[in-house]
Amino acid sequence: IYSLLTDALASSHNPVIMETFMTFSILPNIALGMGVILVIQQQDQTVRIPCHNRATAEDLKRRALRGDWNAVRVALSWAS
């Protein structure tokens, strides 16, 4: 039990381990009348990604949760 406690305390002071909270919303894209918009909110940052369908939005959500931000950056390039 002692080693579990010390490991937990050590990890709580490790600067590499960070907790970030993200919220996700998938909204209909009313402007186009088709598709959805994935909204990712993280601390003071909000990102809106237009997607062709809900499955694409769910996939991008899973990738963001895994930390695959490269896929999210590529998806953001679709919007521009």
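Just so we're clear, the structure is a prediction, and the values are computed from it rather than from any experiment.
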Result block: side-chain N/O donor-acceptor pairs under 3.5 angstrom for residues 51-58, not counting sequence neighbours:
{"from": "N53", "atom 1": "OD1", "to": "A55", "atom 2": "N", "distance (Å)": "3.2"}
{"from": "N53", "atom 1": "OD1", "to": "T56", "atom 2": "N", "distance (Å)": "2.9"}
{"from": "N53", "atom 1": "OD1", "to": "T56", "atom 2": "OG1", "distance (Å)": "2.9"}
{"from": "R54", "atom 1": "NH2", "to": "E58", "atom 2": "OE2", "distance (Å)": "3.4"}

L60 versus A71, closest heavy-atom pair with distance: CD2-O, 4.0 Å
For I37 against R48, the heavy-atom pair lying closest together: CG2-CB, 4.0 Å
Results of side-chain contact (heavy atoms from CB on, under 4.5 Å) for L65 - residues two or more places apart only: M22, F24, K61
Do you reckon L27 sits in the same ILVMFWY cluster as I49, going by side-chain contacts under 4.5 Å, direct or chained? no
Transitive ILVMFWY cluster of I30 at side-chain heavy atoms under 4.5 Å: who else is in it? none
Set of salt bridge (charged side-chain N to carboxylate O under 4.0 Å, His left out) partners for R62, sequence neighbours left out: D59
For residues V36 and N29, determine if any side-chain heavy atom of one lies less than 4.5 Å from a side-chain heavy atom of the other. no
